[in-house]
Amino acid sequence: MEIELQPAGRLRDESGTSLIAPGTVINYGLSEDWEAVFEGQGQTPLSPPGPTSLTAAGAFLKHVLVPGSLQDKTGPSVATEFGVLLPDSTGNSGVGASLAGIVSQRWDWGTIHLNAETALTRDHHGDLFLGAIIEGPSKWTVRPVAEIFYENEFGKEQTFSGLVGLIYRVRDNLSFDVAIRHALTGGHPANEIRAGLTFGFPLAFFEGHAAQREASQICLDSLASPVVLIRPPITLTGPSCR
């Protein structure tokens, strides 16, 4: 089990200023190459004030198609993620669906993740997402990370986004992160400050398969956005790709 948690974040866009608290992604290892992902975030308008709502919720399955450099093998690592976009707790949004592909390559100097996603949004528009994430060397205790993405919700708006941040790895199962993000959505600017942590723990009834689960977890986490800061559901991560 691994949890990506953003205790608090600040988002400012054309609708005003909002508090994002918390933003959460729960990753549950089902088998060596499969993982279940559940995500969502609380959003509270501050200016103008408004009620708290659950947004960006979804349930997904992630699968490693081709083991590669993230699994200590040669060549790129390839994974897919697909699932259901759940309605917001307020408003008139409905159910959507998404299908994503993630290709990652790790070198001594850093790691690159390329993400592509197609979706039917909660408002039933077609959506295309293309993104790239660059991380510093995985052996560094503090490594830089950056993300750029383009998203087109057909018939509604386009988004161009850039993010820079840092990830501080305390130990293998605990990391902290901080980032700033600037985007243009429908021609309107959006600025965001994010901070969070990622922690994992074994489940007792899976102890017999600990080695397999650890290898799978590293693969699946690395194929997604590194942490919540990158893109809270796909997330930084998230998904992120989720």
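Residue indices begin at 1 and follow the sequence shown.
- Taking the side chain as every heavy atom from C-beta outward, V145 and R143 never approach each other to under 4.5 Å.
- The shortest non-hydrogen separation linking A195 to Q6 is O-CG, 3.2 Å.
- If you check the side chains of S161 and R181, you find a donor sitting under 3.5 Å from an acceptor.
- Residues N191 and H182 have side chains that bring a donor and an acceptor to within less than 3.5 angstrom of each other.
- Listed for the T111 side chain is no donor-acceptor partner under 3.5 Å among the backbone atoms of R106.
- Residues L11 and R194 have side chains not in contact (no heavy-atom distance under 4.5 Å, counting atoms from C-beta outward).
- Relative orientation of the Y168 and F176 rings is parallel, given thresholds of 30° and 60° on the angle between their planes.
- Taken to the nearest 0.5 Å, the OG1 atom of T118 stands 10.5 Å off from the CG atom of N152.
- A single hydrophobic cluster is seen to contain both V170 and V142, as judged by linkage of ILVMFWY side chains at heavy-atom distances under 4.5 Å, directly or through other members.
- Note that NZ of K62 and CD of E35 are 5.0 Å apart. Values are rounded to the nearest 0.5 Å.
- Within 6.0 Å of CG in L130 there are more than 12 heavy atoms belonging to other residues, nucleotides or ligands.
- Nearest heavy-atom pair across V64 and P67 is CG1-N, 4.0 Å.
- Connection of M1 to L61 is established within a shared hydrophobic cluster, with ILVMFWY side chains joined at heavy-atom distances below 4.5 Å, either directly or through further cluster members.
- Residues Q43 and S18 approach most closely at NE2-OG, 3.6 Å, considering heavy atoms.
- G83 and F60 make their closest contact through CA-CD2, 3.5 Å (heavy atoms, listed as atom of the first residue, atom of the second, distance).
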What's the verdict on side chain to side chain contact (heavy atoms under 4.5 Å, CB included) for S175 and F199, showing C-alpha distance, side-chain angles and the deciding distance? CA-CA 7 Å; S175 297; F199 60 95; over 6 Å; no

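- If you run side chain to side chain contact (heavy atoms under 4.5 Å, CB included) between R122 and each of L85, D127, V95, N92, only L85 comes through.
- Although no hydrogens or angles enter the test, the distance criterion places a donor-acceptor pair under 3.5 Å between the side chain of T121 and the main chain of H125.
- In the hydrophobic clustering, where aliphatic and aromatic side chains (Ile, Leu, Val, Met, Phe, Trp, Tyr) are joined below 4.5 Å either directly or transitively, Y150 groups with F160.
- Between A8 and L19, the shortest heavy-atom contact is CB-CD1, 4.3 Å.
- A continuous path of hydrophobic side-chain contacts links Y28 to W34 [ILVMFWY only; heavy atoms under 4.5 Å].
- Remark: L46 CG to R12 CZ distance equals 11.5 Å, nearest 0.5 Å.
- With no hydrogens or angles considered, a side-chain donor-acceptor pair links T159 and T185 at under 3.5 Å.
- Applying the 6.0 Å contact sphere to CG of D123 captures more than 12 heavy atoms from other residues, nucleotides or ligands.
- Side-chain contact between N115 and V103: absent, with no pair of heavy atoms (C-beta onward) separated by less than 4.5 Å.
- Side-chain atoms of D88 do not come within 3.5 Å of backbone N or O of S93 as any donor-acceptor pair.
- L30 and I3 end up in the same hydrophobic cluster when Ile, Leu, Val, Met, Phe, Trp and Tyr side chains are linked at under 4.5 Å.
- Within the 4.5 Å cutoff, side-chain heavy atoms of S77 are placed close to those of Q71.
- With a 4.5 Å cut-off on side-chain heavy atoms, T80 and I102 do not count as touching.
- In this structure, CD in Q105 is found 9.0 Å from OG1 in T74, a value given to the nearest 0.5 Å.
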Please determine whether side chain to side chain contact (heavy atoms under 4.5 Å, CB included) holds for the pair E2 and T198, giving the CA-CA distance in whole Å, both sets of side-chain angles, and the decisive distance to 0.1 Å. CA-CA 7 Å; E2 183 177 75; T198 300; 3.6 Å; yes

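- With hydrogens and angles left out, the side-chain atoms of S104 and H113 include a donor and acceptor closer than 3.5 Å.
- Looking at I20 and R10, their side chains never come closer than 4.5 Å, going by heavy atoms from C-beta outward.
- Residues P7 and A21 share a closest heavy-atom pair of O-CB, 3.2 Å.
- I148 is not connected to F129 by any chain of hydrophobic side-chain contacts under 4.5 Å among Ile, Leu, Val, Met, Phe, Trp and Tyr, and they are in different clusters.
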Given I167 and W140, is the side chain to side chain contact (heavy atoms under 4.5 Å, CB included) satisfied, shown in steps? CA-CA 10 Å; I167 301 172; W140 287 9; over 6 Å; no

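- At a cut-off of 3.5 Å, with distance as the only test, a side-chain donor of D13 or S15 sits close to an acceptor on the other residue.
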Stepwise, does the side-chain hydrogen bond (donor to acceptor under 3.5 Å, both in side chains) test hold for T44 with T52? CA-CA 4 Å; T44 305; T52 300; 2.6 Å; yes

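- Between L174 and L197, some side-chain heavy-atom pair lies under the 4.5 Å cut-off.
- Here L114 is tied into one hydrophobic group with W107, W109, I112, I134, each link being a pair of ILVMFWY side chains closer than 4.5 Å.
- Between F38 and T24 the shortest side-chain heavy-atom distance does not fall below 4.5 Å.
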